[in-house]
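First listed ligand is number 1; within each ligand, the first listed atom is number 1. Source: prediction; values computed, not measured.
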Amino acid sequence: MEFRVSKALLPIVCILLVILSHALPISAARHRRNMLANDLGATPPMGWNSWNHFFCDIDEEMVRATADAMVSTGLANLGYKYINIDDCWAEKERDAKGNLVPKKSTFPSGIKALADYVHSKGLKLGIYTDAGTYTCSGTMPGALGYEEQDAKTFAEWGIDYLKYDNCYNQGINPTDRYPVMTRALRNAGRPIFFSLCEWGDMHPALWGYQVGNSWRTTSDIQDTWDSMMSKAFENEVYADYARPGGWNDPDMLEVGNGGMTKNEYIVHFSLWAISKAPLLIGCDVRDMSNDTKEILFNKEVIDVNQDKLGVQAKRVRQEGDLQVWAGPLSGYRVALLIINGLNSASSMGAKWEDIGLPPNTPVIARDLWEHKTLETQYVGGLSVDLESHSCKMFVLTPVLS
Ligand code: GAL
């Protein structure tokens, strides 16, 4: 059928089209432009990964039991949906057809059966491989040269998330190796969240949004205060590049693994949340202390991470080891995190002018770790007393006149 517009009507149609295109909400337009074709990662991914606690000591039984625990503890209900198997799940040799083979001694039922189990619990299954000839443990094949075949295998197994590492990379640039897997995943016909793990080598924040849904900005985290803080700082440099569909990744959570104090883990979780980092639990969720639960289950902090605006916070003020981090949230609200990195107690203030609030605006402050709304309305700023290596986290809501 042919559709003709008479010449006389043409200017009116043009004007109407311009008006309509401007009527599209700006956020929706921005959202669409930023998303990869797989349409995943509208908010940072949440789940669990085996590496930080178990390293290569993994098997199908513990993955199943982890999925069970994610549901029975209530973590799944809070949004922690991905169960991600890291390195060491496959045999070192491919089969005669070049297919990956799940390790017979530890994953005898195969990955498809595991995916079916995880899906039956309402969760999603993630897996790991490498953009090189071997994975970083050296115990299983990487996908370099096998991208199409491996992506198809993952899709057939029902995989929902792929972490793609950077070892044995033959000296080829990540910008040449990683997009090959992006295309292979697209061709495989199943939406698979694509997590780039090239450790920040070639500033992936600058190109990762066209290739994956998240990109590691740092080398591996260790379960110590110094390591955790340095990952947060290295990651912060790229804050402007995070957006719905693509996130900076300062590595997985160490909360619950025992190397930091409770207050330090609270700082860790608060920093990851406000930085819009993936919230991938790295401890044994079958056996969590009450302190660990208190941290990982803090819905108010999770809500900051999952806020639909998707803007990563910045370190807006630093005085010695005292820091103020802040970033906008939907509904004109602001997330605020004040950290004392000193070895002694101290007080520290946040000024509205540093965090994008008009100085004279009265503000209601919700303390996300005390779970209470402060009685005072604050004008111009807010100051807190902090123990060594601890923080306070707030959502600030301006009182609009
Ligand atoms: C590293 C990666 C870690 C973990 C490990 C497995 O390169 O950064 O998160 O996946 O390999 O060998």
Side-chain angles (χ1 to χ4, degrees), residues 44-59 62-63 66 80 82-92 100 102-103 106-107 111 125-144 150 154 159-174 177-178 181 192-205 208 211-224 227-228 230-235 238 247-257 259 268 272 275 277-285:
M46 294 175 65
W48 171 89
N49 173 291
S50 53
W51 185 256
N52 280 358
H53 189 85
F54 297 96
F55 302 96
C56 275
D57 192 12
I58 54 172
D59 60 57
M62 61 82 71
V63 176
T66 297
Y80 295 99
Y82 288 105
I83 306 292
N84 292 350
I85 307 169
D86 209 280
D87 204 350
C88 307
W89 58 269
E91 294 287 349
K92 191 162 184 185
L100 290 165
K103 202 166 174 182
T106 46
F107 290 86
I111 304 297
L125 188 68
I127 211 158
Y128 161 101
T129 188
D130 187 288
T133 47
Y134 290 99
T135 63
C136 292
S137 66
T139 65
M140 52 176 276
L144 190 65
D150 289 354
F154 296 147
I159 294 296
D160 304 294
Y161 183 116
L162 175 65
K163 172 173 170 183
Y164 204 38
D165 215 340
N166 195 25
C167 286
Y168 299 97
N169 59 43
Q170 310 299 306
I172 308 168
N173 277 339
R177 286 175 290 121
Y178 282 77
M181 185 52 97
I192 296 179
F193 186 102
F194 191 27
S195 150
L196 317 182
C197 179
E198 63 82 271
W199 318 311
D201 273 6
M202 253 188 77
H203 304 293
V211 179
N213 302 107
S214 67
W215 43 86
R216 276 273 294 276
T217 52
T218 70
S219 58
D220 288 16
I221 192 170
Q222 307 294 319
D223 190 11
T224 66
S227 168
M228 181 276 290
S230 71
K231 302 301 161 208
F233 291 162
E234 287 165 38
N235 187 65
Y238 301 107
W247 307 101
N248 290 312
D249 175 4
D251 207 358
M252 301 167 298
L253 296 165
E254 291 284 8
V255 177
N257 280 335
H268 179 17
W272 263 236
S275 303
L279 295 182
L280 295 173
I281 298 171
C283 69
D284 186 351
V285 294

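- Listed by atom number, the atoms of ligand 1 under 4.0 Å from Arg216 heavy atoms are 8 (O), 9 (O).
- The aromatic rings of Tyr164 and Phe194 are tilted relative to each other, their planes meeting at an angle between 30° and 60°.
- Atoms of ligand 1 lying under 4.0 Å from any heavy atom of Ser137, numbered from 1 in the order shown and given with element: 12 (O).
- In terms of protein heavy-atom proximity, atom 3 (C) of ligand 1 is closest to Asp220 OD2, 3.4 Å.
- For the pair Met252 and Trp51, the minimum side-chain heavy-atom distance is below 4.5 Å.
- At a heavy-atom distance under 4.0 Å, no atom of Ser219 approaches ligand 1.
- Remark: His53 NE2 to Ile58 CD1 distance equals 13.0 Å, nearest 0.5 Å.
- Nearest-heavy-atom check against atom 11 (O) of ligand 1 across Asp165, Asn52, Asn49 picks out Asp165.
- Against a heavy-atom cut-off of under 4.0 Å, Cys197 is close to the following atoms of ligand 1: 2 (C), 8 (O).
- In this structure, atom 9 (O) of ligand 1 lies nearest to the protein heavy atom Lys163 NZ, 2.8 Å.
- Nearest non-hydrogen protein atom to atom 12 (O) of ligand 1 is Asp87 OD2, 2.8 Å.
- Minimum heavy-atom separation, Asn248 to Thr217: OD1-CG2, 3.6 Å.
- Taking any N or O of Trp199, backbone or side chain, at least one lies under 3.5 Å from an N or O belonging to ligand 1.
- Classification of the Phe193-Tyr161 ring pair by plane angle, with boundaries at 30° and 60°, yields parallel.
- Neither side chain, Lys103 nor Thr139, offers a donor N or O lying under 3.5 Å from an acceptor on the other.
- Nearest protein neighbour of atom 10 (O) of ligand 1, counting heavy atoms only, is Asp86 OD1, 2.7 Å.
- For the 3.5 Å distance criterion, the side chains of Tyr168 and Asp130 fail to qualify, holding no donor opposite an acceptor.
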